[in-house]
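Owing to the predicted nature of the structure, the values given are computational and were not obtained by experimental measurement. Below, read A as the first sequence line, B as the second, and so on, with proteins coming before strands; counting in each chain starts at 1.
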Amino acid sequence: MPANTAITPSTLSQRDLPWQIDWDIQTCTLCGRCTAVCPVNAIEFGTFRKRTLFTPPLGLSDNRSQGLQHKPSSSSSVYYGIRQRTDPAYACIGCAMCNMVCPNNAIRPVKSESTDLLRFHRDRGGQPRTRGGRRNSGDSVLDQIKFMRISMLTDPALDAGRHEFELRTLIGRVLPPAEALKTQREKGWMPPVREIYPLMIGSMSFGALSPNMWEGLQMGVAYLNEELGMPVRMCTGEGGCPPRLLRSRFMKYVILQIASGYFGWDEIVHAIPHMKEDPCAVEIKYGQGAKPGDGGLLQWHKVNQLIAAIRGVPPGVSLPSPPTHQTKYSIEEAVAKMIQSMSMAWGFRVPVYPKISASSTSLAVLNNLTRNPYAAGLAIDGEDGGTGAAYNVSMNHMGHPIASNLRDCYLNLVKLGKQNELPIIAGGGTGKNGNLAANAAALIMLGASAVQIGKYVMQAASGCLGSEGDRCNICNIGRCPKGITSQDPRLYRRLDPEQVAERVVDMYVGFDTELKKIVAPLGRSTSLPIGMSDALGIADRSAAERLQIKYVV
Amino acid sequence: MCRLFSLTSSVPISPMRAIEALDVMKEGHDGSGIGLFLTDLAGPFQDSKHLPILSGIFTQSGVLRMEEFMSSQGFTPQYRLTLAPQDTPPPGTPKREVYLSQVFEPPSAWNGLAQEEREVLLTKTRLALRHMGQAEEDMVVFSFWPDVLMIKEVGDPMEIGRYLGLDREEVYAGRILAQGRQNTNYGINLYACHPFFIQGVSTMTNGENTAFVPIKEYLGSQGVPGYEGYQSDSEVFTHILHFTLKGLGLSLEAYKHVITPLQDDDMNAHPDRDVLYTMKQACRRLIIDGPNCVIGCLPDKTMFMVQDRKKLRPGIVGGRPGLFAFSSEACGLDAAIPERDKTKDFQPMHLDTAIVSPDCQEVRICRQTQPLPHLH
């Protein structure tokens, strides 16, 4: 670079980027696959000119230096290679797709060892960074929890491999025993209750996920239900549901979400008379973990013809949902009216529950629900939730971790004597470090009736490249390198739905084995150990006090 | 693991017979305590069958405080049986002052009360005394109920039986539950000793209830007087039975469906599947995860034995018309009723409830897959 080139405050060197491309000229065959696959165009073919200086060697035969007789000469050569762009708009995201497609392992992204400077320049044009994905923090209280009430004295552990287990949960309002029997005897209205597998696929909308990903998940869920007898349920997220699915018998495995944008609900409402099966449940979204206080946002990149048609909007425009349901005056009113209307739409045969961000108001919403006879549960999404677009600051610095929020809610129900009546579905950061079964079991023993996962499914079932080290995180702009969250056919054709389905099934069966390995030594086999807090211990005194579990070191 | 033995007899018998059976099963308990529940009493208590009997252990000042309290509540003391042994207690047993069983005439204001109201008041009176005793450590109250005696102590069952002179005729009874305690996960505490009792319902258990904490939290939050304490994970079995009978108005046959509901296939084939589904869902918090064998006695003197779903604990029922025993070990049964027809012995499996009705003529087996008796 000439010395007088304009170097602006946001001119970055390769060293300043969080991810740097390590390219090996010796093994590169210049096939071009890496540049073709790069989702953010961080690398490009470069033509490099290299000057070689030739200095004649010193000759000693006639005691005169030959080098002093001949002038040094230089020559230039041209070679081709891979160049990393340093424009912040094209910064490498570390997804390593280049490495994945390289025949010789000649290229790979390397994480910068020092603090990157890119983070200071990501709001060019006054637009703060938005990203999809994760909080980029590996910390998790759930990972520190141990299961320790293992009785070796009076009772030998159960055999996780051979014993019978019935680890199901209920979604829907469960009446108190006396009232339930009375209602049953008098043939009154019994709130709908579904018996499901305690690990649910949380809300990731059809607009957020690619058609192939969605199809794969649905196929996997159908297989789990119909072939393996595991009643796994999947939530749609906002944005509606493909019309063919709405009218199919697979609807019973789906939880439909209605959010403040009401996207896709025209289609759903029109399909109600033609539905062969009721949906498993309806989830009303008030908040989500990754961006508490924000609405949803599907950025224009992902609103193609198909998504636009299903959502009933023009293609190519960003689709923000407002943070509140704009037709409602307050959360109390919204909860009451929305639950009532949704229940009524399906003849009071479908459980309807709200989903909120874990927050300081979770308890208020919960208390509201306990007095609402139509409320079927409460989903709480902790700060680690979310795949869709959120501002950096929301994702990193807002929200409430799930463990203590869930515990507060559960203990509140215990105080009211309603802990078996209103199921709490917990999500947000479950399995973020790969410990899915342990995290889910900890949440259940802290009081969750069911656990929902989103990111983990994407990572396990379709090979999402994201990690808690700010890797990838471009789910929001529709350029997902694996085709998971892209609506561009050139990208999502990379993902084979059949293989996604296969991985979903593998993941669930694997989870089931691990869950049994956790509950069997605790002596639990015939009911889900919801609230079995005496089994939990943690080596952090403050966490133990806060969660009301044992302090162990 | 605790050893359990119970007798149901048409003629009153000595509790020592049950204790002798426990002694035979001694290798299974460490002699850390004994609990006895006696009902269908003979002797002097027979004359006042309808009047509540207070059973507990007191200090001298505790007796005075108790009398003062009872008198302030309007109770009139009647017949009193005290066990105040003079000799040195066996090793491991503390020296107590008064083992008391006292009959009381309820206040006259209770005369017009309905049976249920009287029952709640009796429970509240017992709880008030228990709380007073816990504060001052001068009384431990096990029961306050008509025709029920309870005796609990720390130490070897046989030695305590002899020490307290339990072969005396005053404590002969038609129904006896006896537990030889194996102190395991929890501290030694007289309130942690089986059998547990609430309003005529008594049960005792061996094994370990791994679902204890959620069940305890649920029962404790229902606002029912008496659902408290929980010094032992087995106490919830008594309260679940009480909840089933009195809270839900169901029969003993339904108890098994509450604590160990049927699984899907059996449920679908059951003639009462709708009721059972409702029960399974609504009573989900009361599902026990065992492994446990539960032996109990109902207010009408029916005795029973059930197993948890895993059926990992022993339990055997046998006897002859007029005398049946429920035992955690076959050797205990052999020792107590050697003359029975052993081919008719029954070991309940995971779907069974073995029941001996008050007439004490036969062991009836109720299997969960059978229709429920008509619900009233």
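- By the neighbour-count criterion of 12 heavy atoms within 6.0 Å, atom NZ of A:K182 is sparsely surrounded, having that number or fewer from other residues, nucleotides or ligands.
- Contacts of A:I530 with chain B are made by both backbone and side-chain atoms, with heavy-atom separations under 4.5 Å.
- To the nearest 0.5 Å, atoms CD (B:E217) and CG (A:L413) are separated by 11.0 Å.
- Only the side chain of A:M190 comes within less than 4.5 Å of a heavy atom of chain B; its backbone N, CA, C and O stay farther away.
- The candidate from A:K418, A:R524, A:Q184, A:E421 with the greatest count of non-hydrogen atom pairs under 4.5 Å with chain B is A:R524.
- Nearest heavy-atom pair across A:G417 and B:Y218 is O-CE1, 4.0 Å.
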Verify side chain to side chain contact (heavy atoms under 4.5 Å, CB included) between B:V213 and A:S533, making sure each step is shown before the conclusion.
CA-CA 7 Å; B:V213 166; A:S533 53; 4.0 Å; yes

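- Within a 6.0 Å radius of NZ in A:K146, other residues, nucleotides and ligands contribute 12 heavy atoms or fewer.
- Counting heavy atoms from C-beta outward, B:V275 and A:L181 have side chains that approach closer than 4.5 Å.
- The stretch residues 163-172 of chain A places A:H163, A:E164, A:E166, A:R168, A:T169, A:L170 near chain B, each with some heavy atom under 4.5 Å from a heavy atom of that chain.
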Would you sort out whether B:E208 and A:R149 count as a salt bridge (Lys or Arg N to Asp or Glu O under 4.0 Å), showing the intermediate values?
CA-CA 12 Å; B:E208 180 175 14; A:R149 189 189 176 280; 2.9 Å; yes

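- Scanning residues 276-289 of chain B against chain A with a 4.5 Å non-hydrogen threshold yields B:T278, B:M279, B:K280, B:Q281, B:A282, B:C283, B:R284, B:R285, B:I287, B:I288, B:D289, sorted by number.
- Rounded to the nearest 0.5 Å, atoms CG (B:D308) and OG (A:S525) are 8.0 Å apart.
- Contacts between A:E179 and chain B at a heavy-atom distance below 4.5 Å are absent for every atom of the residue.
- Looking at A:Q419, both its backbone and its side chain come within 4.5 Å of chain B, counting heavy atoms on both sides.
- Residue B:D264 touches chain A through both its backbone and its side chain, counting heavy-atom pairs closer than 4.5 Å.
- For a residue to count as touching a neighbouring chain, one of its non-hydrogen atoms must lie under 4.5 Å from one of that chain's; by this rule A:V193 touches chain B with backbone and side chain alike.
- To the nearest 0.5 Å, atom OG1 of residue B:T210 and atom CD1 of residue A:I150 are 12.5 Å apart.
- Side-chain N or O atoms of B:K310 include one that pairs as donor or acceptor with a backbone N or O of A:G523 at under 3.5 Å.
- Looking at A:P529, neither its backbone nor its side chain comes within 4.5 Å of chain B, counting heavy atoms on both sides.
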